[in-house]
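Below, chain A is the first sequence line, B the second, and so on; all start at residue 1.
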Amino acid sequence: MALTHPWEVGPDEARAIQEELRPRVEAVDRLGAVGLVAGVDLAYPVPGLARAAVAVLDAETLELCASAAAEYGVAFPYVPGLLSFRELPPALAAFAMLERLPDLVLCDGHGLAHPRRFGLACHLGLALDLPTIGVAKTLLLGTHGHVPSKRGAWVPLVDHDEVIGAVVRTRAGVRPLYVSVGHRVSLPTAVAWTLRCAPRFRLPETTRAAHALATSATRAAP
DNA sequence: GCGACAG
DNA sequence: ATCTTGTCGC
């Protein structure tokens, strides 16, 4: 129930649901061969409306294989720490339109690098029962040392002596990315896939493709 | 009490 | 996220 219908709840209940689902997150590798990697992103064309897009790419070539988009009325405000309750409904609607699910999903936001260790990537991973990785552009929680400016370099993201993620340099001389476990992947694997999906730009191709789809005025592809 | 705070 | 112009750099 709480897994597939995270909406229509208030902030307090939302936090309770996170505490309840948190134990189900698997921070170890439990993924098969990854042939398809997907990216999810949301856009808000007009206040009150959300458009979610999923871009499925060939894990080898990073070419777009399939995509889906869905519009959904915003039913939850943006509250730091409760992002999944706002973005999961639209995202799940988009995933439901895919003919075939991907083998791995890179999310726009954190996974375990969250105050209650249950960010958007964890919630989506549990809801779809798919391996997911949290790839955020800015920090929500934790501290870290300097990240060498060379592409591929990374340092652990720590919160209260606990490693909750990694700060990864996907491109030399550019702000790093905050990577954390979503579900069914280990941190090293999460970092490896993030780098593999971002061979040229700061953001992974999966995220870039999903962002382009969510932003475009076009509806579901024919 | 005063900031900080994914998208 | 979204609203916004020019500007520096590959």
Side-chain angles (χ1 to χ4, degrees), chain A residues 6-7 11-12 14-15 17-18 21-22 25 39-55 69-95 105-127 132-144 149-151 157-160 164-183 187 190 194 198-204 206-217:
Chain A
W7 40 103
D12 293 324
R15 292 188 188 86
I17 290 174
Q18 295 183 319
L21 298 179
R22 168 169 61 175
V25 173
V40 208
D41 191 40
L42 284 270
Y44 298 85
V46 295
L49 182 65
R51 178 186 295 138
V54 183
E71 296 195 330
Y72 215 96
V74 174
F76 200 93
Y78 167 68
V79 179
L82 300 179
L83 183 63
S84 66
F85 291 85
R86 176 185 175 79
E87 308 207 324
L88 227 51
L92 292 177
F95 269 98
V105 182
L106 270 62
C107 307
D108 230 53
H110 296 96
L112 289 180
H114 175 280
R116 287 169 293 285
R117 308 292 182 263
F118 196 73
L120 171 66
C122 299
H123 207 156
L124 182 68
L126 288 187
T132 58
I133 297 171
V135 181
K137 299 180 288 298
T138 61
L139 197 58
L140 170 61
L141 188 69
T143 58
H144 64 85
S149 61
K150 188 180 177 183
R151 174 189 142 77
L157 176 60
V158 178
D159 179 45
H160 290 80
I164 58 175
V167 190
V168 185
R169 193 80 74 179
T170 53
R171 184 171 184 174
V174 175
R175 281 179 303 154
L177 251 30
Y178 302 86
V179 179
S180 60
V181 170
H183 186 49
L187 185 55
T194 298
R200 181 172 179 195
F201 302 111
R202 178 168 94 116
L203 296 177
T206 42
T207 304
R208 287 163 47 77
H211 188 278
L213 291 168
T215 302
S216 71

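Counting any heavy atom pair closer than 4.0 Å across all strands shown, G81(A) reaches a base atom. Within 4.0 Å of L141(A), counting heavy atoms only, lies no atom of the nucleic acid at all. Among the atoms of the strands shown, only primed sugar atoms or phosphate atoms (P, OP1, OP2) are found under 4.0 Å from some heavy atom of A43(A). Using a 4.0 Å heavy-atom criterion, one finds that L177(A) contacts no nucleic acid atom at all.
In this structure, L203(A) atom CG and dA6(B) atom P are separated by 16 Å, rounded to whole Å. Rounded to an integer number of Å, the gap from CZ of F85(A) to P of dA1(C) is 21 Å. Taking atom CZ on F76(A) and atom C1' on dA1(C), their separation rounds to 16 Å, with Å as the unit. Rounded to whole Å, atom P of dC10(C) lies 14 Å from atom CZ of R200(A). The interatomic distance linking L88(A) (CG) with dG7(B) (P) rounds to 16 Å, in whole Å. The nearest whole Å value for the distance from the CG atom in L42(A) to the C1' atom in dT2(C) is 13 Å. Per the geometry, CG belonging to L82(A) stands 11 Å off C1' belonging to dC5(B), to the nearest Å. Here the C1' atom of nucleotide dA6(B) and the NE2 atom of H123(A) are 15 Å apart, to the nearest Å.
Summarising the geometry of A190(A) relative to S180(A), their closest heavy-atom pair is CB-O, 4.5 Å, with the distance given to 0.1 Å. Residues A55(A) and T206(A) come closest through the heavy atom pair CB-O, 4.1 Å.
Checking the phosphate oxygens (OP1, OP2) of dG7(B), a side-chain nitrogen or oxygen of K137(A) falls inside 4.0 Å. For Y78(A), a side-chain nitrogen or oxygen approaches OP1 or OP2 of dA6(B) to under 4.0 Å. In terms of phosphate contacts, T138(A) brings no side-chain nitrogen or oxygen within less than 4.0 Å of OP1 or OP2 of dC5(B).
Formation of a donor-acceptor pair under 3.5 Å by the R86(A) side chain with backbone atoms of A75(A) is not found in this model. The backbone N or O of H114(A) lies less than 3.5 Å from a partner atom in the side chain of R117(A), making a donor-acceptor pair.
Using cut-offs of 30° and 60° on the angle between ring planes, the pair F76(A) and F85(A) is tilted.
Both R171(A) and P45(A) sit near DNA chain C, but only P45(A) has its closest nucleotide nearer the 5' end.
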